[in-house]
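Please read these numbers as outputs of a predicted model, since none were measured by experiment.
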Amino acid sequence: MQQLESLMREARAAAAPYADADARASTPERDDPEQEASRILQICNACRYCEGFCAVFPAMTRRLQFDAPDVHYLANLCHNCGACLHACQYAPPHEFAVNVPRTMARVRLRTYAWQAWPRPLGALYARNGLLVALALAAGIAAFLLLALALHGSLAGPPAAANFYAVFAHGLLAWTFTAAFGWALLALGIGARRFWRELGPAVPGPAALGDAAGAVATLRYLGGGHGEGCNNEDDAFSLARRHFHQATFYGFGLCFAATVVATGYHYLLHLEAPYAYTSVPTLLGLVGGALMVLGCTGLLGLNLRRHPLQGDPAQRPMDLGFIALLLAVALSGLALAAWRAAPAMPALLALHLGAVMALFLTLPYGKFAHAPMRAAALLRWAVERRQPNRLGLSEE
């Protein structure tokens, strides 16, 4: 490996345009995120002060060079907790301008676009912002409202809380199943492409269990020390981890509610509406409440986040995804609360518009980080069980 002094000279030359703090704040990022990540990782590999912070740094010490697949792998291992930014002696305003969270965020966006399926649709990541997400949801909801108005059922009497008296069950089932199926297919193919780019690996039961535990507990949002992430300053907080977990498990409960309701309908021949005390309704109510809590918290954290954390250009995409999840949860809870009221058809149209917009943008927005990160965590679980032939770390 190159000596630290040599790396410092190269980093100083590469970071020359960033030498002045004011100029650095107004200078755009380098055009090639992979090259910038490789430069930064060479410095980190020579320093290794942050080795215990998260999986990125011990995985980094197993490499001497960082080509595109390595950079993509490490970028998706990064959970953007921010601990390394505040701990790094070479972070801005240092002339080396080492900013791991922002660089890794830029690389992650490139991996989403490159691994997208169909590949030409990868360009949608650059356009999937807050305005587009909300406009799509509003447009679909407006179309449904217009259809109800033309049919004469928008201002009619309540349908005894029966959603299928407003929109036919078959229409909803097939339309939304097709949209969700497309999203899962596109995300699955993208994750498979990412896994194949990293090279061959066969995960065993121990690695699968380790990766599943890291995903379920969001282990690496603990900042490497269990005290949490940095957000607007160098103070540690577990808020980001907890809000992510509330959103994650809330979404899972809502999905479980849909699965149980499907079983009720097709297997038990029990048709909706279901009582508030029924399993699918309780799952949906608890899941919706958790999503509202998690999304509201994440929205506040995102708006207050330090500008050096992450990629500012991706904030519209992040906010768009959070806003859609929040719209789905709020409209779903409102629909449950007033499902027997005259406003039910309009609330149903608003909820369906938000859900359909979420499904359509799922493979080409922020949600892509979920399967990519899970794949990277699984690869790390496999890799860490193999001998480190370089012997550059204490693991």
Co-membership, hydrophobic cluster, residues Leu131 and Leu124, 4.5 Å side-chain: no
Gap between atom OG of Ser331 and atom CG of Leu347 - 0.5 Å precision: 8.5 Å
Derivation of the salt bridge (charged side-chain N to carboxylate O under 4.0 Å, His left out) call for Asp70 and Arg63: CA-CA 8 Å; Asp70 292 320; Arg63 291 155 175 81; 2.9 Å; yes
Pair Tyr49-Phe57, side chain to side chain contact (heavy atoms under 4.5 Å, CB included): steps then yes or no: CA-CA 9 Å; Tyr49 179 81; Phe57 297 98; over 6 Å; no
Heavy-atom pair of closest approach, residues Ala207 and Leu378: O-CD1, 3.8 Å
Exceeds 12 heavy-atom contacts within 6.0 angstrom, atom CD of Glu227: yes
Residues, nucleotides or ligands: over 12 heavy atoms within 6.0 Å of Tyr276 OH: yes
Chi angles and distances behind the side chain to side chain contact (heavy atoms under 4.5 Å, CB included) call for Arg108, Met372: CA-CA 9 Å; Arg108 279 196 297 276; Met372 295 285 195; over 6 Å; no
Heavy-atom closest pair, residues Pro33 and Arg106: CG-NH2, 3.8 Å
Check: Lys366 main-chain N/O paired with His369 side-chain donor or acceptor under 3.5 Å: yes
Student check: side-chain heavy atoms of Val107 and Glu34 closer than 4.5 Å: yes
From Asn45 atom CG to Ile40 atom CD1, the distance as rounded to the nearest 0.5 Å: 13.5 Å
Residues Phe248, Phe243; criterion side chain to side chain contact (heavy atoms under 4.5 Å, CB included); working and verdict: CA-CA 8 Å; Phe248 175 67; Phe243 287 139; over 6 Å; no
Pro101 side chain reached by Cys84 side chain, heavy atoms, under 4.5 Å: yes
Residues Arg384, Asp210: salt bridge by 4.0 Å N-O rule: yes
Note, Val56 side chain near Glu51 side chain (heavy atom, < 4.5 Å): no
Enclosure of Arg192 CZ (heavy-atom neighbours >12, cutoff 6.0 Å): no
Mutual orientation of the aromatic rings belonging to Phe251 and Phe367 [parallel < 30°, tilted 30-60°, perpendicular > 60°]: tilted
Leu146 with Leu136, same ILVMFWY side-chain cluster at under 4.5 Å: no
Any Leu319 side-chain heavy atom under 4.5 Å of Leu303 side chain: yes
Plane angle bin for Tyr90 and Phe96 - parallel if under 30°, tilted between 30 and 60°, otherwise perpendicular: tilted
Student check: side-chain heavy atoms of His306 and Asn231 closer than 4.5 Å: no
Distance under 6.0 Å and angle within 45° of ring axis: Arg379 vs Trp195: yes
Separation of Met60 CE from Leu77 CG (nearest 0.5 Å): 11.5 Å
Leu326-Met356 co-clustered via ILVMFWY side chain contacts under 4.5 Å: no
Side-chain touch Leu352/Leu348, heavy atoms, less than 4.5 angstrom: yes
Parallel, tilted or perpendicular: rings of His265 and His169 (30°, 60°): parallel
Main-chain N/O of Gln115 paired with Arg119 side-chain donor or acceptor, under 3.5 Å: no
Any donor-acceptor pair under 3.5 Å from Arg241 side chain to Gly223 backbone: no
Arg193 side chain reached by Arg196 side chain, heavy atoms, under 4.5 Å: no
Under 3.5 Å: donor-acceptor pair, side chain of Asn230, backbone of Ala235: yes
Check: Arg315 side chain, Asn302 main-chain N or O, donor-acceptor pair, under 3.5 Å: yes
Donor + acceptor pair across side chains of Glu197, His72 (<3.5 Å): yes
Which atom of Gly353 lies closest to which atom of Ile140, heavy atoms considered: CA-CG2, 3.7 Å
Arg240 side chain to Leu298 backbone, donor-acceptor under 3.5 Å: no
Pro280: which of Val260, Thr258, Val259 passes side-chain contact (heavy atoms from CB on, under 4.5 Å): Val260
Shortest non-hydrogen contact between Ala336 and Leu285, atoms and distance: CB-CD2, 3.8 Å
Separation of Tyr73 OH from Asp67 CG (nearest 0.5 Å): 13.0 Å
Gln35 backbone acceptor or donor facing Ser38 side chain under 3.5 Å: no
Gap between atom CZ of Phe359 and atom OG1 of Thr177 - 0.5 Å precision: 8.5 Å
Hydrophobic cluster membership, Phe321 vs Val132, 4.5 Å side-chain cutoff: no
Heavy-atom donor-acceptor pair, Tyr364 side chain to Trp117 backbone, under 3.5 Å: yes
Least distance between heavy atoms, Ala59 atom then Glu383 atom: CB-OE1, 3.9 Å
Arg39 charged N/C atom sitting above Phe66 aromatic ring, 6.0 Å / 45°: no
hydrophobic_cluster_shared for Trp114 and Met104, side chain cutoff 4.5 Å: no
Nearest atoms (heavy-atom pairs only) where Thr247 meets Cys295: OG1-N, 3.4 Å
Test log, rule salt bridge (charged side-chain N to carboxylate O under 4.0 Å, His left out), inputs Arg305 and Asp233: CA-CA 8 Å; Arg305 193 132 212 227; Asp233 51 34; over 6 Å; no
Student check: side-chain heavy atoms of Cys254 and Met291 closer than 4.5 Å: yes
Donor-acceptor contact present, side-chain Thr61 to main-chain Pro58, <3.5 Å: yes
Leu238 side, atom CG; His242 side, atom NE2 - distance, nearest 0.5 Å: 4.5 Å
Mutual orientation of the aromatic rings belonging to Tyr125 and Tyr112 [parallel < 30°, tilted 30-60°, perpendicular > 60°]: tilted
Check against side chain to side chain contact (heavy atoms under 4.5 Å, CB included), Val100 and Val98: CA-CA 6 Å; Val100 173; Val98 171; 4.2 Å; yes
Donor-acceptor contact present, side-chain Thr361 to main-chain Ala357, <3.5 Å: yes
